Amino acid sequence: MPELPEAEYMVRRLAECAPTTKIQSLTILRPSLVAPQSPDELTATVAGRKVLGYARRAKNVLLHLDHGWSLRVQLGMTGHFFWIPDSRQLPRFTRLWFALPHHAAFVFEDSRTFGNLHLHRTEDLPTVFASYGPEPLDPAFTWQHLQASAARAHGPVKPFLLDQSKLVGLGNIWAAESLFAARLAPHRPLPSLTAPEWKALHKAIRQTLSAAIANTFRVTASAEEFPEADLLACRVYGRVGQPCRRCRQPIARFVQAGRSTFHCPNCQL
DNA sequence: TCGATCCTGTAG
DNA sequence: CTACAGGATCGA
């Protein structure tokens with residue numbers, strides 16, 4: 001499920017709920033999610049360690065521990081990582097959980113089990129992420145960087161936006177929403193994009209992601225839990241057949257690289 | 001660069 | 001029952 005905004009939200013919530021804490025033990029209910037590490041070895045390495053802080057890289061949630069190791073949570077399609085006050089009330093799809101003081105817990109809930117959890121030396125993290133493209137919300141990230149990452153690339157613009165080696169953080173929803181905001185058709189060939197269009201796309205991506213982070217906080221402040229797609233105020237994603245919020249023409253859906261693409265055929269050019 | 005695939009759940 | 005699901009990876 002989660003893309004950059006949801007991963008960012010999880011990290012900020014963790015920092016609020018448990019700025020630092022001690023991991024007492026780890027319970028792995030689904031060993032395949034930590035493979036190839038053995039559950040026992042992983043448990044031995046983290047049990048008794050203190051969590052010093054949290055970070056996000058691309059769609060990964062990172063927990064930095066006090067002995068030079070970091071846990072990396074890859075959320076996959078349906079993963080959530082969060083703090084709960086009472087480990088006696090674990091959510092339905094809990095796949096593993098960390099016992100914390102006073103019965104609190106970190107929970108990894110992942111119905112579809114595409115997520116995973118890995119342990120790395122903290123100093124090795126740059127190597128782990130070596131194949132990743134730039135962070136779109138990095139202040140140093142310019143539209144020229146975006147354009148440059150597409151140099152020599154062919155094919156349509158939307159699959160490009162999903163390619164984490166070109167640019168991290170976008171998934172199927174926010175790629176579609178960014179293209180809508182930039183008024184660009186998802187099937188536009190990369191070489192056809194003009195400089196003003198790259199500029200517009202860059203702006204659209206940053207605004208879309210920033211707004212999505214803010215909106216996740218706004219929605220969850222009242223509703224609790226993680227927001228469903230229909231609560232995220234999408235302008236095209238999942239809205240096939242419904243009127244475009246800009247021009248009232250029906251939103252269309254087609255399949256691109258095996259994924260659903262939603263767009264307005266009338267006002268995305 | 002595309003398609004298949006991992007696995008489980010939900011909606012129609 | 002079938003279709004579909006916000007991700008990542010591998011092989012041709």
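Predicted model, so just to flag it, every value in this text is computed and none were measured. Throughout, a chain's letter reflects where its sequence line sits, starting with A, and its residues are numbered from 1.
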For this session: Pick the C1' atom in B:dT1 and in C:dG6, then give their distance to the nearest Å.
Result: 22 Å
Seminar exercise, completed: Under a side-chain separation threshold of 4.5 Å, the hydrophobic residues clustered together with A:Y132 are A:L62, A:L125, A:V128, A:F129, A:V168
Problem set entry | Qualifying salt bridge (charged side-chain N to carboxylate O under 4.0 Å, His left out) pairs with a residue from residues 10-32 of chain A, counting only residues at least two apart or across chains | A:E8-A:R12, A:R13-A:E16
For this session: Can you tell me the distance, in whole Å, between the CZ atom of A:F262 and the P atom of C:dG6?
Result: 8 Å
Would you tabulate the nitrogen or oxygen pairs shorter than 3.5 Å linking the protein to nucleotides 8-12 of chain B?
{"from": "B:dT8", "atom 1": "OP1", "to": "A:R30", "atom 2": "NH1", "distance (Å)": "2.9"}
{"from": "B:dT10", "atom 1": "OP1", "to": "A:R92", "atom 2": "NH1", "distance (Å)": "3.0"}
{"from": "B:dT10", "atom 1": "OP2", "to": "A:R92", "atom 2": "NH2", "distance (Å)": "3.4"}

Problem set entry | A:N116 CG - C:dG7 C1' separation (whole Å) | 10 Å
For this session: Hey, could you give me each pair passing side-chain hydrogen bond (donor to acceptor under 3.5 Å, both in side chains) that has a residue in residues 93-105 of chain A? Not counting sequence neighbours.
Result: none
Problem set entry | Gap between atoms CZ and P, on A:F114 and B:dA4 respectively (whole Å) | 15 Å
Exercise. How about A:S131 and A:S165: does a side-chain donor come under 3.5 Å of a side-chain acceptor?
Worked result: no
Problem set entry | 5'-to-3' dot-bracket of DNA chain C (Watson-Crick, G-U; under 3.5 angstrom; crossing pairs as [ ]; | other strand) | |||||.||||||
Problem set entry | A:H118: partners by ring pair (Phe, Tyr, Trp, His ring centres under 6.0 Å), with sequence neighbours left out | none
Seminar exercise, completed: When rounded to whole Å, the CZ to C1' distance for the pair A:R259 and B:dT5 reads 13 Å
Each nucleotide N or O in nucleotides 1-4 of chain C that has a protein N or O under 3.5 Å away: list the pair and distance.
none

For this session: Provide, to the nearest angstrom, the distance between the CG atom belonging to A:L162 and the P atom belonging to B:dT1.
Result: 13 Å
Exercise. Would you say the side chain of A:T21 lies within less than 4.5 Å of the side chain of A:P101, judging by non-hydrogen atoms?
Worked result: yes
Exercise. Is a donor-acceptor contact shorter than 3.5 angstrom present between the side chain of A:E6 and the base of C:dG6?
Worked result: yes
Seminar exercise, completed: Whole-Å distance, A:Y132 OH to C:dG7 P, equals 12 Å
For this session: Decide, applying a 5.5 Å centre-distance limit and a 30° plane-angle limit (both strict), whether A:Y237 stacks on C:dG6.
Result: no
Exercise. When rounded to the nearest Å, what value does the distance between C1' atoms of C:dC1 and B:dC6 take?
Worked result: 23 Å
For this session: Kindly write out the residues that satisfy salt bridge (charged side-chain N to carboxylate O under 4.0 Å, His left out) with A:R88, not counting sequence neighbours, or none if the list is empty.
Result: A:D86
Exercise. Contact class for A:G258 (heavy atom, under 4.0 Å): base, sugar-phosphate, or nothing?
Worked result: nothing
Exercise. Does the pair A:E135 and A:R57 meet the rule for a salt bridge (Lys or Arg N to Asp or Glu O under 4.0 Å), with working shown?
Worked result: CA-CA 8 Å; A:E135 289 281 344; A:R57 176 73 173 98; 2.8 Å; yes
Problem set entry | salt bridge (charged side-chain N to carboxylate O under 4.0 Å, His left out) partners of residues 245-268 of chain A, not counting sequence neighbours, each pair once | none
For this session: Using the test salt bridge (charged side-chain N to carboxylate O under 4.0 Å, His left out), find all partners of A:D66 that sit at least two apart in sequence or belong to another chain.
Result: A:R49
Seminar exercise, completed: The ring pair (Phe, Tyr, Trp, His ring centres under 6.0 Å) partners of A:F262 (sequence neighbours excluded) come to A:Y237
Problem set entry | Interatomic distance where CZ belongs to A:R239 and C1' belongs to C:dA5 [whole Å] | 19 Å
For this session: Round to the nearest Å and state the distance from A:M10 atom CE to C:dG6 atom P.
Result: 15 Å
Exercise. Which salt bridge (charged side-chain N to carboxylate O under 4.0 Å, His left out) pairs, counting each pair once, include a residue from residues 143-172 of chain A, with sequence neighbours left out?
Worked result: A:D163-A:K166
Exercise. Looking only at side-chain N and O atoms, does A:K59 come under 4.0 Å of OP1 or OP2 in C:dA8?
Worked result: yes
